[in-house]
Amino acid sequence: MANILMVVSAADSLTMKDGSEHPTGFWAEELVVAHQTLLDAGHTVHLAAPGGRKPTVDQVSLAAESAGGEDRAKGFRDYLASIDTELSHPLVLADVDINSYDAVVMPGGHGPMADLYKDADLGRLLVAANKDGKIIAPFCHGPAGLLAATDDDGGFAFAGRRLTVFSNEEELGGGTGENTPWLVEDALKEKGAVVENAAAWTSNVVRDGNLITGQNPQSSEDVAKEVIKALG
C-alpha cells in the first residue's frame, strides 16, 4: 500500500478583485471524498498545510444546496469531525520529505488561490515529485498549486502537460463570479499548460503520465480512483 500526501490550503479568505475579503478554505466534498476513497483502498494519507496550520473548511461547501442535499452535507460534517485531530495538526509543508510519499493529492476550494499557488515549499515538493515520477493529483482549484512549481531554468515545471481545472465557465457562472481576482484556467494556460476541460459541473479527469487532474467537485471520487489505479 502507498503513502499519500494530501496538501490542503491553510487560507481562510481570498482577496477579491474589488479588494474585499471573501471567506474561503477547502471544499468539503473534495477533501472528504478523496480522503475516504483513498483510505478505503488501504492507502495511508497524511495531511499537510502551509505552516502546519489547521485548514479551514469553506462553510458554503457544507450547505445542503452546495453539498447535494442535507444528508450529504451531514455526512461531510461528520467525516470532518472524525478526522478533526488530524486536520488540527497537519504536517508542516516545509518539513515534508517527499521521498516518504508515493503520491501528492491536492483538493481545492478557493483556498489554493490565496496560498498554494505561490508557496515555495509546495513548489519544491512538486518539482521533486515530478522528477521522480510520483503521482501528482490536484483537482478543482487544486491545480492552482501547480503554479508554484518552477524548474531549474526558472520555467513552469508543468508547461506542455495536459490537465484539467475548474473552468472559467464554472468560476464565472457558479463560483465567485466576475469578482474573482484571477482565473486558474487562464493562469495555467498562460504558463504553458494544455487545459482540457469538459462540460461544466460534470466529472472530468485528465491523466498525462504521472499527472492526474480533475475539473471540479464532481470529479473528486474519479480522481481518487485514478490515483488508486495509477498506484497499482
Side-chain angles (χ1 to χ4, degrees), residues 7-27 29-30 50 58 60-61 66 104-127 129-130 136-151 153-220 222-223:
V7 178
V8 187
S9 167
D12 59 10
S13 68
L14 177 66
T15 304
M16 305 302 285
K17 190 181 293 184
D18 65 4
S20 64
E21 291 298 319
H22 179 75
T24 190
F26 67 85
W27 198 254
E29 177 178 4
E30 296 171 30
D58 189 324
V60 174
S61 68
S66 300
V104 180
V105 174
M106 297 190 290
H110 285 92
M113 294 177 63
D115 60 359
L116 295 186
Y117 82 98
K118 60 180 180 180
D119 190 284
D121 297 313
L122 175 60
R124 171 180 53 81
L125 290 173
L126 291 176
V127 168
N130 194 45
I136 297 172
F139 54 106
C140 198
H141 290 85
L146 297 177
L147 295 166
T150 302
D151 60 27
D153 298 324
F156 179 44
F158 296 94
R161 301 293 294 275
R162 296 168 44 248
L163 55 80
T164 185
V165 63
F166 199 66
S167 68
N168 291 350
E169 178 184 357
E170 288 164 321
E171 191 69 85
L172 296 173
T176 50
E178 295 293 341
N179 202 24
T180 304
W182 56 282
L183 298 169
V184 184
E185 177 183 349
D186 285 352
L188 286 165
K189 286 179 176 177
E190 288 167 7
K191 288 285 190 178
V194 180
V195 178
E196 299 180 353
N197 284 341
W201 314 112
T202 61
S203 179
N204 178 39
V205 177
V206 173
R207 181 174 179 184
D208 183 351
N210 65 314
L211 181 63
I212 297 169
T213 51
Q215 182 172 327
N216 45 35
Q218 289 77 10
S219 309
S220 303
D222 288 337
V223 167

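Residues: numbered from 1 along the sequence shown.
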Side-chain donor-acceptor pair present, [X], [Y], cut-off under 3.5 Å:
X: N216; Y: S219; answer: yes
X: T176; Y: E171; answer: yes
X: T15; Y: E21; answer: yes

[atom1]-[atom2] distance between [X] and [Y], expressed to the nearest 0.5 angstrom:
X: F26; Y: D12; atom1: CZ; atom2: CG; result: 12.0 Å
X: S13; Y: D58; atom1: OG; atom2: CG; result: 11.5 Å
X: N130; Y: D151; atom1: CG; atom2: CG; result: 10.0 Å
X: K191; Y: L146; atom1: NZ; atom2: CG; result: 12.0 Å

I'd like to know if the side chain of [X] and the backbone of [Y] have a donor-acceptor N/O pair within less than 3.5 Å.
X: E30; Y: G108; value: yes
X: T213; Y: L163; value: no
X: E196; Y: R162; value: no
X: D208; Y: R161; value: no
X: E170; Y: W201; value: yes
X: T164; Y: V206; value: no
X: R124; Y: L126; value: no
X: N179; Y: D18; value: yes
X: E185; Y: N168; value: yes

I need the minimum non-hydrogen distance between [X] and [Y], along with the two atoms involved.
X: F156; Y: L147; answer: CE1-CA, 3.8 Å
X: V127; Y: A149; answer: CG2-CB, 3.9 Å
X: A11; Y: D115; answer: N-OD2, 3.2 Å
X: P143; Y: P138; answer: N-CB, 3.5 Å
X: P112; Y: G142; answer: CG-CA, 4.3 Å
X: A137; Y: V223; answer: CB-CG1, 4.2 Å

Taking C-beta and beyond as the side chain, do [X] and [Y] meet within less than 4.5 Å on heavy atoms?
X: W27; Y: P107; answer: no
X: E29; Y: S61; answer: no
X: V105; Y: F139; answer: yes
X: E178; Y: L172; answer: yes

Let me see the working for M113 and T24 under side-chain contact (heavy atoms from CB on, under 4.5 Å), right down to the final yes or no.
CA-CA 10 Å; M113 294 177 63; T24 190; over 6 Å; no
Quick one, L116 with V7, criterion side-chain contact (heavy atoms from CB on, under 4.5 Å). Give me CA distance, side-chain angles, the key distance, then yes/no.
CA-CA 9 Å; L116 295 186; V7 178; 4.1 Å; yes
For the residue pair H141 and F166, categorise the inter-ring angle as parallel (less than 30°), tilted (30 to 60°) or perpendicular (more than 60°).
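It falls in the tilted class, 30° to 60°.
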Using the six-membered ring wherever Trp is involved, compare the ring planes of H22 and H110 and label them parallel, tilted or perpendicular (cut-offs 30° and 60°).
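The rings of H22 and H110 stand perpendicular, inter-plane angle above 60°.
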For E169, does the CD atom sit with more than 12 other heavy atoms under 6.0 Å from it, leaving out its own atoms?
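Open.
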So for atom NZ, which belongs to K17, do other residues, nucleotides or ligands contribute more than 12 heavy atoms lying within a distance under 6.0 Å?
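More than 12 within 6.0 Å, yes.
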